[in-house]
Amino acid sequence: MTSQAQTKEKAIEAAESLLGYPDTKVKATAQTVADYLRGLPVEVDELIRAVTPEGSGIARIELKLSRFVASGRPYDFRRPVRLVVARDNGYFVAWSNRFLVHGTGDTVEEALRDYMEEWERHYERLVAEEDHLAPPLERELAAIRRLVATEPDAS
Amino acid sequence: MPLELREIEKALENKLGFDSTEGAKHRLFSLYIGGKLVAETKTSRGSGYKTISDHLVAQMARQVLVPNSFFVGLVRCAKTKADYLQLLAKRRLAPLDELPEK
């Protein structure tokens, strides 16, 4: 086992040892961290709360996503897409330097979901307007097509 | 530099000629020049979005294909529609025959 895998196992053990802790807050935090380390789905805002000091908020988080899910449909990518979510004036803004869209929301999770919905809408618009795109949007559509490995059936 | 939502929407629609479409959560702005879709951006509904801060201003500027300071200039009336079209022409970002020459 590599040292990185050993460290991860130790972290999982430590988190799981706290699952029987009487304080429900500690228990919930330990569960979120353990689930995340085990590769199970967790809400991004819950994870942020779990790994940051109580009462502090994050200013910016960067994620690499291999899949977007919008309208309940998955879009798998050939390479991960780097997304940034940053706190603005009382809300969060999500963006990627690869695409000309952004998402907003009151939480990181909301901003990410809004981003993916907006990305899907934008992509569908580019496809619909394919013969009527100016150069930057033409290039963007070509880049999205190179990136998307599988996309949901139109049906 | 924070900008007022109302001023941004006014600049996009009235000054730069973007078409707008109302959605449930957002207002979508699209710019066509010579029959080509050149840019689109959106504003968000809700009381929290009356003042638009730096990150969001930067993203909107990127989506309308101009540097941040240029976008602020467009909203604050330091830049005109002609300035915008000239910048698009200079950078070959829109159909050239539809854009003014400098």
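Since we're looking at a predicted model, the values are computed, not measured. Note on naming: letters A, B, ... go to the chains in the order of the sequence lines (proteins, then strands), and numbering restarts at 1 for each one.
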As an exercise: rank [options] by heavy-atom pairs under 4.5 Å with chain B and give me the winner.
| options | result |
| --- | --- |
| A/His122, A/Glu129, A/His132 | A/His132 |
| A/Leu100, A/Asp88, A/Asp106 | A/Asp88 |
| A/Asp131, A/Val84, A/Asn97 | A/Asn97 |

Within a 6.0 Å radius of atom [atom1] on [X], are there more than 12 heavy atoms belonging to other residues, nucleotides or ligands?
| X | atom1 | result |
| --- | --- | --- |
| A/Arg98 | CZ | yes |
| B/Phe29 | CZ | yes |
| B/Glu22 | CD | yes |

Specify the closest pair of heavy atoms between [X] and [Y], including all atoms of both residues, with the distance to one decimal.
| X | Y | value |
| --- | --- | --- |
| B/His55 | A/Val93 | CB-CG2, 4.2 Å |
| A/Pro135 | B/Leu93 | CD-O, 3.8 Å |
| A/Pro136 | B/Leu65 | CG-CD1, 3.8 Å |
| B/Ala94 | A/Ala134 | CA-CB, 4.4 Å |

(request) Applying side chain to side chain contact (heavy atoms under 4.5 Å, CB included), name anything that partners A/Glu120, two or more places apart in sequence or on another chain. (result) A/Ala70, A/Ser71, A/Arg73, A/Tyr75, A/Glu117, A/Glu124
How long is the straight-line distance from [atom2] of [Y] back to [atom1] of [X], given to the nearest 0.5 Å?
| X | Y | atom1 | atom2 | result |
| --- | --- | --- | --- | --- |
| A/Phe99 | B/Gln59 | CZ | CD | 13.0 Å |
| B/Ser44 | A/His102 | OG | NE2 | 5.0 Å |
| A/Arg121 | B/Leu28 | CZ | CG | 4.5 Å |

(message) Which residues in residues 4-17 of chain B have any heavy atom closer than 4.5 Å to a heavy atom of chain A?
(response) none
(message) Taking every non-hydrogen pair under 4.5 Å, which of B/Ala39, B/Pro2, B/Ser30 racks up the most with chain A?
(response) B/Ser30
(message) Counting heavy-atom pairs closer than 4.5 Å to chain A, which one of B/His26, B/Arg91, B/Met60, B/Lys42 comes out on top?
(response) B/Lys42
(message) Assess the residue pair A/Arg125 and B/Leu37 against the criterion (side chain to side chain contact (heavy atoms under 4.5 Å, CB included)); give the C-alpha distance rounded to whole Å, side-chain angles, the decisive distance to 0.1 Å, and a yes or no.
(response) CA-CA 10 Å; A/Arg125 177 116 192 249; B/Leu37 178 61; 4.1 Å; yes
Heavy-atom contact with chain B under 4.5 Å, split by part of [X]:
| X | answer |
| --- | --- |
| A/Glu140 | neither |
| A/Arg87 | backbone |
| A/Leu133 | both |

(request) Side chain from CB out, backbone as N, CA, C, O: work out which of these in B/Ala58 comes under 4.5 Å of a heavy atom of chain A, or both, or neither. (result) neither
(message) So for B/Thr51, is it side chain, backbone, both, or neither that comes closer than 4.5 Å to the heavy atoms of chain A?
(response) both
(request) Using a strict cut-off of less than 4.0 Å between a Lys/Arg side-chain nitrogen and an Asp/Glu carboxylate oxygen, indicate whether B/Lys25 and A/Glu110 qualify as a salt bridge. (result) no
(message) Run A/Tyr91 and B/Ile52 through side chain to side chain contact (heavy atoms under 4.5 Å, CB included) and show every step you take.
(response) CA-CA 10 Å; A/Tyr91 52 84; B/Ile52 305 302; 4.3 Å; yes
